[in-house]
Protein chains: 2
Amino acid sequence: MGERYLKSVRLLAECLQGFERFVAEPVRRHGLTHPQFDIIATLGNTPGMTYKELGERTLITKGTLTGVIDRLEQKGLVERARNCDDKRSFLVRLTADGESLFRNVFPAVVAHGKQLFADYGDGDFEQLDHALRRLRTRLDAPGLVTPGGHVPADEG
Amino acid sequence: MGERYLKSVRLLAECLQGFERFVAEPVRRHGLTHPQFDIIATLGNTPGMTYKELGERTLITKGTLTGVIDRLEQKGLVERARNCDDKRSFLVRLTADGESLFRNVFPAVVAHGKQLFADYGDGDFEQLDHALRRLRTRLDAPGLVTPGGHVPADEG
DNA sequence: TATTGTTATACTCTATAACTATA
DNA sequence: TATAGTTATAGAGTATAACAATA
């Protein structure tokens, strides 16, 4: 109603929600939630990552992250390792089981999701990515005004 | 890693999450969660809607929907009205307060989010929508195979 | 003093399945 | 029998703020 962009955002939401629903089955089949899977996927093929890094990549705040990591640790999929450089922080990394899950589940989920893009050519991906990157750039941009009239940076 | 489409999906997620975060402030400022706001926005400018319709539009399952509607009803923003045609169902509709909230909050949130698209022209929206619509079409398409090798329709 | 991660609180969403009342 | 919505259960994510250890 009114604003042109709302249609686009709804489309965006429908696409992502639809994709996540589509992919939820194989994820949950392995006892993972979306955030948990996101963590596993993010940690895969890395030597580990601090909470801060993980939080930035997955957009999960630190308080929440502790809980998510806790559950993954209980399942034996990740472990905390002391960070020698800075003893305040840990490196979170996949255990052997986590690695194995990553290698088994991740490709399965990926292959499953791939069906949605079966008829995509390079040009199609380019178009999609181009349009999305443009939007993301705006999201990263400074100078956006919050409802109170402040810029976000003023509020931390 | 490996699959081309993952990059696009991550972009998609970053865009939507980023947008929702950006817009979360004004939404929460009015005591609403995202699903709640989604309901209010969906009901706005309509004579009301059944649970089924609401669920389809917002992708919230019926069990969850009851809770969301309950909370909105407690806040006095929506009400249930008997559906004369089919006494099993209700129409959910905005109360006067809900209407007023819709008229006040919705435009504010919309205006806030609009900043992200400040430099978008018609062509830019076209491109974005085109790319997204294409993906959504695939999500609606039948014949997608689930991990077990079934088509979804077989599993109900 | 600032930062990293933890803990505690309280709420909301979610999936699932059994249940009721209508159809 | 099937459908619309409710209830119950159990788990998970979220924001927030106070906190400990380290920088």
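In what follows, every chain begins at residue 1, and chains take the letters A, B, ... in the order their sequences are listed. Remember, predicted model here, so these are calculated numbers, not experimental data.
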Roughly how many Å is it from [atom1] in [X] to [atom2] in [N], rounded to a whole number?
X: A/I69; N: C/dT7; atom1: CD1; atom2: P; result: 14 Å
X: B/Q36; N: C/dT14; atom1: CD; atom2: P; result: 11 Å
X: B/R71; N: D/dT6; atom1: CZ; atom2: P; result: 13 Å
X: B/I60; N: C/dC13; atom1: CD1; atom2: P; result: 8 Å
X: B/E53; N: D/dG5; atom1: CD; atom2: P; result: 10 Å
X: B/E25; N: D/dT16; atom1: CD; atom2: P; result: 9 Å
X: A/D38; N: D/dA12; atom1: CG; atom2: C1'; result: 15 Å
X: B/E20; N: D/dT14; atom1: CD; atom2: C1'; result: 13 Å

Phosphate OP1/OP2 of [N] contacted by [X] side-chain N/O (<4.0 Å):
X: B/T61; N: C/dT14; result: no
X: B/Y51; N: D/dT3; result: no
X: A/T33; N: D/dG13; result: yes
X: A/R80; N: C/dT6; result: yes
X: B/T66; N: D/dG5; result: no
X: A/R28; N: C/dT16; result: yes

Here's a test for you: under salt bridge (Lys or Arg N to Asp or Glu O under 4.0 Å), which of A/D129, A/D124, A/D122 qualifies with B/R4?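 Considering A/D129, A/D124, A/D122, a salt bridge (Lys or Arg N to Asp or Glu O under 4.0 Å) with B/R4 is found only for A/D129.
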
So does [Y] get a backbone contact from the side chain of [X], meaning a donor-acceptor N/O pair under 3.5 Å?
X: B/E20; Y: B/Q17; result: no
X: B/R138; Y: A/L116; result: yes
X: A/R82; Y: A/K87; result: yes
X: B/D38; Y: B/H34; result: no

So how far off straight is the helix from C/dT1-D/dA23 to C/dA23-D/dT1, going by the axes through five pairs at either end, to 10°?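 Computed from the C1' atoms at both ends, the axes differ by 0°.
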
Is A/K75 paired with A/D70 through a side-chain N to carboxylate O contact shorter than 4.0 Å?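 No, no charged N to carboxylate O under 4.0 Å.
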
For B/L91 and A/V68, find the nucleotide of DNA chain D closest to each by heavy atoms; which residue's nucleotide sits nearer the 5' end?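 Of the two residues, B/L91 wins.
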
Between A/K52 and A/R21, who's closer to the 5' end of DNA chain C by nearest nucleotide?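 In this pair, the answer is A/K52.
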
Does A/F90 or B/L59 map to a spot on DNA chain C nearer the 5' end, using the closest nucleotide for each?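 Looking at DNA chain C, the more 5' nearest nucleotide goes with A/F90.
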
Does the cation-pi check pass for B/R134 over A/Y120, that is, NZ or CZ under 6.0 Å from the six-membered ring centre and within 45° of its axis?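 Yes, a cation-pi geometry.
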
Can you confirm whether or not the ring centre of A/F22 sits under 6.0 Å from the ring centre of A/H112?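 Ring-ring flag for A/F22/A/H112: true, centres closer than 6.0 Å.
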
Consider only side-chain N and O atoms of A/R80 and A/Y51, and report whether a donor and an acceptor are under 3.5 Å apart.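 Checked: A/R80/A/Y51 side chains pair up, N/O donor to acceptor below 3.5 Å.
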
If two hydrophobic side chains count as joined below 4.5 Å and joins carry through other members, does B/I60 share a cluster with B/L16?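 Yes, same cluster.
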
Filtered N/O pairs between nucleotides 17-23 of chain C and protein, under 3.5 Å:
unit_1 : atom_1 : unit_2 : atom_2 : d
C/dA23 : OP1    : B/K87  : N      : 3.0

